[in-house]
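This report concerns only the one structure given below.
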Number of protein chains: 2
Amino acid sequence: MTVWDRPEQPNRPVPLDRERIVAAAVALADEGGLAAVSLRKVAARLNAGPMRLYGYISTKDDLFDLMVDAVYAEILPGERPGDWREALRSLAHGTRRAALRHEWLADLLGGRPALGPNGLAVSEATLAALDGLADVDTVMRAVETVSAYFTGAIRREITELRAERATGLSKSEWQRARGPHVTRMLATGRFPALAKAVHDGTHVDAEESFATGLEWVLDAVAARLG
Amino acid sequence: MTVWDRPEQPNRPVPLDRERIVAAAVALADEGGLAAVSLRKVAARLNAGPMRLYGYISTKDDLFDLMVDAVYAEILPGERPGDWREALRSLAHGTRRAALRHEWLADLLGGRPALGPNGLAVSEATLAALDGLADVDTVMRAVETVSAYFTGAIRREITELRAERATGLSKSEWQRARGPHVTRMLATGRFPALAKAVHDGTHVDAEESFATGLEWVLDAVAARLG
DNA sequence: TACGGCGAAAATACAGTGTATCGACATGAG
DNA sequence: CTCATGTCGATACACTGTATTTTCGCCGTA
């Protein structure tokens with residue numbers, strides 16, 4: 001019996017670490033949404049028993065926190081931004097792009113404090129970009145206001161994306177009708193302003209709409225930063 | 001055996017309707033969060049078997065949609081608002097107050113399209129208040145931007161509220177330290193701007209912070225409408 | 001009054017979940 | 001070579017959403 005006959009690691013289980021676990025969970029979530037992430041499935045993907053994971057996380061929410069922090073690593077800007085406005089803008093767009101890559105992020109964003117290393121690093125980079133432009137409280141308010149905007153906007157965008165996908169309707173068709181139920185509701189005449197908005201509104205690209213609202217908010221912030 | 005000996009409804013199960021079901025679900029969620037809402041528990045609270053509910057809803061998400069729409073009924077403004085700004089402001093504050101009464105709303109807000117009668121009525125009232133102030137697209141952008149802001153802000157506020165509650169720390173204590181982990185992280189010196197913000201920032205009342213950010217966003221909207 | 005048939009409610013069943021507990025076993029120390 | 005240790009897997013439990021089957025009370029008819 002030579003070495004070649006023996007498997008490389010006789011009965012040794014595959015080594016595990018948080019990185020591998022989180023990567024498996026992210027992969028599952030990317031494929032089937034957050035609902036597809038179960039400890040059993042994550043473990044199975046790593047050729048391990050479910051209980052094995054509890055050596056690295058102590059609860060499922062821990063895993064979600066780690067997943068979010070992993071995405072923050074993708075968001076973290078590489079180089080120092082030109083100015084505060086560029087910093088906030090790129091944070092917003094970066095988060096949005098991350099959410100389009102990992103739609104489940106929309107379900108988690110803002111749902112728990114982001115205290116992981118990458119989340120903190122993003123906060124640090126953002127605050128650093130605004131440092132000294134105003135008193136600390138004003139700077140905080142600025143960051144929080146912009147964050148609130150893009151968090152909410154991303155959530156809505158992903159929600160609508162899913163709704164469109166659920167009904168087989170084309171995007172513009174959906175935009176105009178939003179399914180039979182809303183069509184019927186609008187036909188009752190009880191919602192004239194809404195009907196007008198749906199009927200007369202031109203279809204606007206999601207990214208452009210996101211960007212426009214963002215610039216408005218940035219303008220508002222600029223007015224306070226002086 | 002007279003009528004008096006017989007119970008009023010011999011073996012007849014209690015009558016059910018959506019309103020009762022949703023009320024029970026809301027009560028459960030108010031007490032123990034969304035996680036405390038299970039079809040079995042909702043049914044039990046109505047002295048019914050779990051399967052009974054499927055005559056009124058066809059999935060658990062349906063129930064969530066109905067719960068959200070029930071809250072929109074609380075948010076729906078009574079009288080016609082003075083101007084567009086007042087309309088958007090009161091929508092934002094009304095939603096926030098609703099979320100403070102029903103914290104689970106923060107988990108659902110923005111997570112599904114609000115197509116129920118009350119949700120549509122809120123949209124209608126909001127759009128009506130802005131009708132004619134600008135072209136339809138601009139009005140839509142305004143409403144969506146403000147909604148994105150307050151949705152995100154509410155979610156963050158509730159999230160922080162829960163985090164504070166989870167650690168037994170007092171509010172100001174939390175504000176300054178955010179638990180041992182963050183304290184340790186800040187002590188590493190890797191997050192100077194963040195450390196400064198946490199250390200020098202004065203504690204700001206949540207409602208005031210919400211209101212301030214909202215006024216900024218409303219200013220930005222005003223600049224485009226006017 | 002007796003009897004079917006029917007519709008609704010209940011019971012049961014199933015596949016899956018997060019997590020606690022316990023038993024076995026491979027590995028390192030003596 | 002033996003024994004302690006600590007890690008991993010199997011098992012177990014209480015619970016979930018939902019499909020399917022069973023039961024049963026009521027109503028119209030004979």
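Note that this is a predicted model, so its numbers are computed, not measured. Chain A is the first sequence line, chain B the second, and so forth, proteins listed ahead of strands; every chain is numbered from 1.
- For the pair R97(B) and E157(B), the salt-bridge criterion is not met [side-chain N within less than 4.0 Å of a carboxylate O].
- Across the protein-nucleic acid pair, L16(A) atom CG and dT7(D) atom P stand 14 Å apart, rounded to whole Å.
- Across the protein-nucleic acid pair, D17(B) atom CG and dA8(C) atom P stand 16 Å apart, rounded to whole Å.
- For dG16(C), the base has no donor-acceptor partner in the side chain of R40(A) [N/O atoms by modelled type, under 3.5 angstrom].
- Remark: C1' of dA12(D) and CE of M51(A) are 10 Å apart, rounded to the nearest angstrom.
- A close approach under 4.0 Å does not occur between any side-chain nitrogen or oxygen of T59(A) and OP1 or OP2 of dG18(C).
- For the pair L63(B) CG and dG17(D) P, the interatomic distance rounds to 9 Å; values are reported in whole Å.
- When the P atom of dT19(C) is taken as reference, atom CG of L53(A) falls 11 Å away, rounded to whole Å.
- In this structure, R112(A) fails the cation-pi test against F64(A), since its NZ or CZ atom is not both closer than 6.0 Å to the six-membered ring centre and inside 45 degrees of the ring normal.
- Here dG18(C) presents its P atom at 9 Å from CD1 of I57(A), a figure rounded to the nearest Å.
- Which of dT11(D), dG17(D), dT17(C) sits closest to the side chain of S38(A) comes down to dT17(C).
- Rounded to a whole Å, the CG atom of D62(A) is 13 Å from the C1' atom of dG18(C).
- At a threshold of 4.0 Å, the pair D62(A)-R18(A) does not count as salt-bridged, since none of the basic side-chain nitrogens sits closer than that to a carboxylate oxygen.
- E103(B) and R165(B) are joined by a salt bridge, as a carboxylate oxygen and a charged side-chain nitrogen come within less than 4.0 angstrom of each other.
- In this structure, V42(B) reaches neither bases nor backbone, as no heavy-atom distance under 4.0 Å exists between it and the strands shown.
- E144(B) has no carboxylate O lying under 4.0 Å from a charged side-chain N of R155(A), or vice versa, which leaves the two without a salt bridge.
- Summarising the geometry, the separation between OH on Y54(B) and C1' on dT21(D) is reported as 16 Å, rounded to the nearest angstrom.
- Taking the side chain of R52(B) as heavy atoms from C-beta on, and the options dT18(D), dA9(C), dC8(D), the nearest nucleotide is dA9(C).
- Dashed line: the shortest gap from a side-chain N or O of K41(B) to OP1 or OP2 of dT16(D) is under 4.0 Å.
- Across dT19(C), dA19(D), dC8(D), the shortest atom-to-atom separation from the side chain of L39(A) is found for dT19(C).
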